Protein chains: 2
Amino acid sequence: MTQQKIIDESLILFAQQGYESTSLANIADAVGIKKPSLYNHFDNKEAIFLAVLQDVAQREMKYLTEQAELSANHTIYERLHHIYQVYLDHMADSTEGLFFKRVTFFPPETFADEIKNVFLRVEEAMTTVIHPVIEAGIEEGVLRPLSLDSLTSAFYTLIDGLFLEENFYDREVFKQRQQASWDIFWLGIKDPSWEE
Amino acid sequence: MTQQKIIDESLILFAQQGYESTSLANIADAVGIKKPSLYNHFDNKEAIFLAVLQDVAQREMKYLTEQAELSANHTIYERLHHIYQVYLDHMADSTEGLFFKRVTFFPPETFADEIKNVFLRVEEAMTTVIHPVIEAGIEEGVLRPLSLDSLTSAFYTLIDGLFLEENFYDREVFKQRQQASWDIFWLGIKDPSWEE
DNA sequence: TTGAGACTAACAAACGTTAGTTAGTCGAGG
DNA sequence: CCTCGACTAACTAACGTTTGTTAGTCTCAA
């Protein structure tokens with residue numbers, strides 16, 4: 001269907017260039033039709049963006065919860081690290097991740113409300129994935145008995161920091177930085193009396 | 001001087017709206033002259049942006065090193081925390097911070113190289129500020145005897161993460177997150193045998 | 001035969017930029 | 001002391017291009 005292709009191609013362009021810098025001509029080219037033909041499928045440019053936004057939100061939440069189930073029967077360390085790794089890779093490499101970051105970071109003014117709404121929904125999905133792991137970690141004595149919120153916050157900050165840095169360092173340096181940051185994060189959350 | 005006023009007003013507009021969405025008409029209006037008069041002071045729009053970029057880079061580095069000297073005779077914890085706090089506050093509140101965030105995170109393609117260059121220069125200035133503190137911390141036994149690089153990396157990641165998150169959360173939630181992330185970072189780098 | 005979906009042609013508005021002009025300032029030479 | 005010429009910095013008018021959008025037409029499948 002052409003309509004879905006418009007959404008798919010627009011997603012890529014919005015992710016790469018942002019909303020304002022992506023023209024209907026760009027989109028039409030990518031889809032392989034002429035610019036006015038877009039109006040057979042959407043009322044205007046804004047409608048295209050909103051369609052993309054909803055599409056991404058839905059897929060993102062699905063992906064997140066799927067991944068979390070994959071590491072269910074492992075140690076706390078492994079489960080946390082898996083979420084961390086998967087989420088980071090996803091945000092760094094996927095078009096959805098890039099789109100998501102761009103749109104939440106510098107939202108086109110017109111869509112500020114819808115975007116914030118989507119962001120909070122996705123974050124909530126993320127939280128429901130992490131919380132059980134951290135709770136179990138505290139209970140088992142693997143993690144320091146800090147507040148659930150504190151541990152979750154620090155986890156987010158770690159991921160967000162590395163996401164940003166991914167833009168600026170070449171792969172080698174970045175790997176190194178990722179390793180160091182994770183190790184120190186783990187030292188920060190791990191209960192010192194826990195050994196194994 | 002008109003030229004400096006153009007830079008100042010452009011900085012505000014670029015910070016608020018980004019490069020592409022800021023038109024020469026916007027800038028001219030803010031300065032209080034007509035659009036073509038801008039060409040008496042700059043060759044083109046790109047030249048205006050580059051002037052703003054250099055201006056910001058310079059001021060940013062100056063501010064950074066100034067602030068570091070302020071806490072010279074304090075404990076390792078205080079010195080590190082001061083750098084961290086000052087840097088984040090600055091990024092949150094100042095127009096320069098917003099501009100810096102915007103251009104480093106989603107650089108206008110044309111200026112990708114210059115921007116990367118500026119980012120690395122600012123980071124280098126930051127490194128010369130932090131390294132002595134960390135080295136002293138290891139020597140005195142306050143910090144874990146990890147590699148200098150590892151500790152520095154983790155510090156950057158912490159700052160970068162919060163730097164990014166400033167956009168997502170309202171002030172209250174952010175303060176909370178900042179506190180939690182710092183505490184856990186400190187637990188991660190502090191030598192467990194050090195007490196005081 | 002009707003409707004969906006492509007097309008061409010054209011629109012006004014906004015974009016960055018150039019050309020040409022004018023008024024004011026400043027220093028050097030007669 | 002005055003004046004000429006260069007310079008600065010503002011202006012109006014217009015350029016060609018691109019923007020999002022609309023109107024009207026053609027085609028093909030149901």
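Any value given below was found using the heavy atoms of this structure, including those in side chains, with hydrogens, waters and symmetry copies removed. Please read these numbers as outputs of a predicted model, since none were measured by experiment.
Cation-pi geometry between B/Arg102 and A/Phe106 is met: under 6.0 angstrom from the ring centre, within 45 degrees of the axis. B/Arg177 forms no cation-pi arrangement with A/Tyr156, by the criterion of a distance under 6.0 Å to the ring centre and an angle within 45° of the ring axis.
Taking atom CD1 of A/Ile27 as the reference point, atom C1' of D/dG20 lies 11 Å away to the nearest angstrom. The CD atom of B/Gln3 sits 11 Å away from the P atom of D/dA10 (whole-angstrom rounding). Between A/Glu20 atom CD and D/dG20 atom P the separation is 10 Å, expressed in whole Å.
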Measure all distances between protein nitrogen or oxygen atoms and nitrogen or oxygen atoms of nucleotides 26-30 of chain D, and list the pairs falling under 3.5 Å.
none

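Between A/Trp182 and A/Trp186, the ring planes are parallel. Angles under 30° get that label, and only those over 60° would be called perpendicular. Between A/Phe105 and B/Phe105, the two ring planes are perpendicular [angle over 60°; tilted spans 30° to 60°]. Using the six-membered ring where Trp is involved, B/Tyr19 and B/Phe49 have ring planes that are perpendicular, over 60° apart on the 30 and 60° scheme.
A heavy-atom distance below 4.0 Å to DNA chain D is reached by these residues of residues 28-47 of chain B, ordered by number: B/Ile33, B/Lys34, B/Pro36, B/Ser37, B/Asn40, B/His41.
With respect to A/His90, the side chain to side chain donor-acceptor pair (under 3.5 Å) criterion is satisfied by exactly one of A/Glu96, A/Gln67, A/Glu60: A/Glu60.
Remark: A/Thr2 is not in phosphate contact with C/dG5, judged by side-chain N or O atoms under 4.0 Å from OP1 or OP2.
Within 4.0 Å of B/Thr22, counting heavy atoms only, lie sugar-phosphate atoms of the nucleic acid but no base atom.
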Please table the atom pairs, donor to acceptor, closer than 3.5 Å between any side-chain atom in residues 30-37 of chain A and protein atoms at least two apart or in another chain.
residue: A/Ser37; atom: OG; partner: A/Lys34; partner atom: O; Å: 3.4

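Using a 4.0 Å cut-off between a side-chain N of Lys or Arg and a carboxylate O of Asp or Glu, B/Asp183 and B/Lys190 do not qualify as a salt bridge.
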